[in-house]
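Step one of this worksheet: look at the structure below.
Numbering starts at 1 and runs along the sequence shown.
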Amino acid sequence: MDLSYTPEEEDFRARLRDWLARVLPALPPKPSPDDWPGRRAYDLGWQRRLHDAGYADVHWDGTPSVRLIFLEETERAGAPYVGANFVGLLHAGPTIAAEGTAEQRARWLPPILRGEEVWCQGFSEPGAGSDLAALRTRARRDGDTYVVTGSKIWTSHAEVADWCELLVRTDPGAPKHRGITWLALPMDAPGVTVRPLRTLAGSAEFAEVFLDEVRVPVANRVGDENDGWRVTMVTLSFERGTAFAGEVVACRRVLGELAVEARKNGRWDDPALRRRLGRLNAEFRALWRLTQWNVSAAEASGGIPGAGGSVFKLRYSHARQELYDAAAQVLGPDCLDLDRSWTLERLSSLSYTIAAGTSQVQHSIIAERILGLPKGR
């Protein structure tokens, strides 16, 4: 597989780099991490700038190489991350593009690209743990609507979202993987209650969501009734296969900053630390190549990432944790300073072996779908 860039792609890089150099100095200051309405406005404003400049649909319509160039250049330039647009741009949007009807694509995709609507993800439930298919939120059909009752947890950006990609059980008598349906839930519907959750790092980008007889139009169903597990696998393939690609670039940048800091404070003299940073450098370079391979393979198979995304997710989760363990080693006693961004990132990194599918789940997917091993019982 040729992973080099064409002259046309390098021209795209140059134009994007020039645009970023002109636009980024004029951006307003970022709001406080606890100011979620402000963060929503800031993130949507950045998405609108991308849209007006012709870069909004890179994640969906660009070639694999163009997408990766976009991620490389925006991260290296210090451009805003997708932030509150994360679920819409990288999860729900691609799923609707792949599985939705023409009417659904026309209704939901343009507002995501224009920076007008925010989505959240309503998958996890308090009693299901890593067994996503054990969800118990019920949806009863009543004419042209579903009546939904239940609760979700770890719902990303629910407190500022307009829509939620929601998994519900529509046939409780079916085997658990076959009675699930994927719905688009309007977050302002009567009966929806959101309670923010504060994480170990002190942020509140997740929430509990309680659903009490919430009516959702049948027209908001993506895919067939009781076919939601298959649609969900499309969503998760994007989440595990391509959604973290920009973070690999960020980790490579942090690694370079760690080396600079270690030279300043004298810890570079520790050969064990130098070996650790060198090995991490090799690991993140390999992860970037794996990202290129996964995105290219997805394009060849219709745009949906495959099981190779689980290989990436598994290794990246552990590499990120080790990166910030190395940051603590570089910082020494300062690693307890919560005003240091690396300290907060270290706390955040602890969730990566759980978020977007636990490492144990990724091991099982790799064993069954790549190695061909039998399923456990």
Heavy-atom closest pair, residues Ala158 and Val209: CB-CG2, 3.8 Å

Residue pair Arg17, Glu72: steps toward the side chain to side chain contact (heavy atoms under 4.5 Å, CB included) verdict: CA-CA 10 Å; Arg17 188 176 291 180; Glu72 281 185 291; over 6 Å; no

Heavy atoms of other groups near Arg136 CZ, more than 12 under 6.0 Å: no

With sequence neighbours excluded, residues passing salt bridge (Lys or Arg N to Asp or Glu O under 4.0 Å) with Glu103: none

Closest contact, heavy atoms only, Ala56 versus His51: CB-CA, 3.3 Å

Sub-4.5 Å side-chain heavy-atom contact between Leu258 and Leu280: no

Note, Gln329 side chain near Asp325 side chain (heavy atom, < 4.5 Å): no

Hydrophobic cluster identity match, Ile96 and Val216, side-chain contacts under 4.5 Å: no

Partners passing ring-ring contact (aromatic ring centres under 6.0 Å, His included) against Tyr42 (at least two apart in sequence or in another chain): none

Selection residues 265-274 - residue pairs positive for side chain to side chain donor-acceptor pair (under 3.5 Å), sequence neighbours left out: none

N-O pairing of Glu261 and Lys264 below 4.0 Å: no

Residue list, side chain to side chain donor-acceptor pair (under 3.5 Å) with Gln47, at least two apart or on another chain: none

Verdict with supporting geometry, Arg140 and Glu213, salt bridge (Lys or Arg N to Asp or Glu O under 4.0 Å): CA-CA 9 Å; Arg140 171 176 53 84; Glu213 298 286 298; 3.7 Å; yes

Side chain to side chain contact (heavy atoms under 4.5 Å, CB included) between Arg40 and Asp162, intermediate numbers included: CA-CA 11 Å; Arg40 172 192 161 102; Asp162 303 291; 3.1 Å; yes

Counterpart residues, side-chain contact (heavy atoms from CB on, under 4.5 Å), relative to Asp35 (two or more places apart): Pro31, Ser32, Pro37

Shared hydrophobic cluster, Val23 / Leu71 (ILVMFWY, side-chain heavy atoms < 4.5 Å): yes

Interatomic distance, Ile153 atom CD1 to Leu197 atom CG [nearest 0.5 angstrom]: 5.5 Å

Cluster link Val231 to Leu89, ILVMFWY, side chain under 4.5 Å: yes

Glu283/Arg276 salt bridge by N-O under 4.0 Å criterion: no

Distance in Å, Thr95 OG1 paired with His91 NE2, rounded so as to fall on 0.5 Å steps: 8.5 Å

Nearest-0.5 Å distance, CD of residue Glu116 to CZ of residue Arg48: 6.0 Å

Residue pairs fulfilling ring-ring contact (aromatic ring centres under 6.0 Å, His included) with at least one residue in residues 131-155, sequence neighbours excluded: Trp154-Phe206

Heavy-atom closest contact (Leu44 atom, Val118 atom, distance): CD2-CG2, 3.8 Å

By ring-ring contact (aromatic ring centres under 6.0 Å, His included) - contacts of Tyr55 (at least two apart): Phe12, Trp19

Considering all heavy atoms, the nearest Ser156-Cys120 contact: O-CB, 2.7 Å

Parallel, tilted or perpendicular, as decided by the 30° and 60° cut-offs, for the rings of Tyr316 and Phe284: perpendicular

Hydrophobic cluster membership, Leu166 vs Val222, 4.5 Å side-chain cutoff: no

Spacing of CG belonging to Leu109 relative to CD belonging to Gln104, to within rounding of 0.5 Å: 9.5 Å

Heavy-atom pair of closest approach, residues Ala262 and Val330: N-CG1, 3.9 Å

Interatomic spacing from CZ in Arg289 to CZ in Arg285 - rounded to 0.5 Å: 8.0 Å

Under 3.5 Å: donor-acceptor pair, side chain of Arg169, backbone of Leu135: yes

Check: Glu117/Trp163 side-chain N/O donor and acceptor closer than 3.5 Å: yes

Heavy-atom side-chain contact between Val58 and Val66 under 4.5 Å: yes

Glu75: partners by side-chain contact (heavy atoms from CB on, under 4.5 Å), with sequence neighbours left out: Val249, Ala250, Arg253

Val214 reachable from Leu167 in the ILVMFWY side-chain graph, under 4.5 Å edges: no

Side-chain atoms of residues 179-196: list all donor-acceptor pairs with protein atoms under 3.5 Å, sequence neighbours left out, distances to 0.1 Å.
unit_1, atom_1, unit_2, atom_2, d
Thr181, OG1, Thr170, OG1, 2.6
Thr181, OG1, Asn226, N, 2.9
Trp182, NE1, Thr235, OG1, 3.4

Shortest non-hydrogen contact between Val218 and Arg141, atoms and distance: CG2-NE, 3.2 Å

Separation of Tyr324 OH from Cys251 SG (nearest 0.5 Å): 5.5 Å

Heavy-atom donor-acceptor pair, Thr137 side chain to Ser151 backbone, under 3.5 Å: yes

Listed once per pair and sorted, the salt bridge (Lys or Arg N to Asp or Glu O under 4.0 Å) pairs that draw on residues 142-159, sequence neighbours left out: Glu125-Lys152, Asp142-Arg215

Set of residues satisfying side-chain contact (heavy atoms from CB on, under 4.5 Å) with respect to Ala79, sequence neighbours excluded: Leu20, Leu24, Trp46, Thr74

Asn281 side-chain N/O to Leu255 backbone N/O, donor-acceptor pair under 3.5 Å: no

Pairs involving residues 170-180, ordered by first then second residue, that meet salt bridge (Lys or Arg N to Asp or Glu O under 4.0 Å) (sequence neighbours left out): Asp131-Lys176

